Amino acid sequence: MSFGITELIIIMVIVLLLFGTTKLKSIGSDLGSAIKGFRSAVTDDEASKKADEKVNEKKTDQT
């Protein structure tokens, strides 16, 4: 069971009629900011792990 182009267009039109363009723009911007926040959190986490690894390497080199 797969959706064809015609079915997807019909679904998009129904969603557009139900929510309206302003609500869809709001949902899109909220989703975009959530994805942006998730990416920055992942990047920050990776950076902190690298910093912790460097600190641990310095500690082992000093002992």
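Predicted model, so just to flag it, every value in this text is computed and none were measured.
Of the possible polar contacts, none joining the E46 side chain to the T43 backbone as a donor-acceptor pair under 3.5 Å is found.
Residue F19 is grouped with residue L8 when hydrophobic side chains (ILVMFWY) are merged at heavy-atom distances under 4.5 angstrom, including chains of intermediate members.
Between the OG atom in S29 and the CG atom in L24 there is a gap of 11.0 Å [rounded to 0.5 Å]. Interatomic distance, L31 CG to S26 OG, rounded to the nearest 0.5 Å: 11.0 Å. Here CD of E7 is found 7.5 Å from CD1 of I11. Values are rounded to the nearest 0.5 Å.
Scored by the side-chain contact (heavy atoms from CB on, under 4.5 Å) test, I14 finds I10, L18 as partners (sequence neighbours excluded).
The shortest side-chain heavy-atom distance between R39 and I35 falls under the 4.5 Å cut-off.
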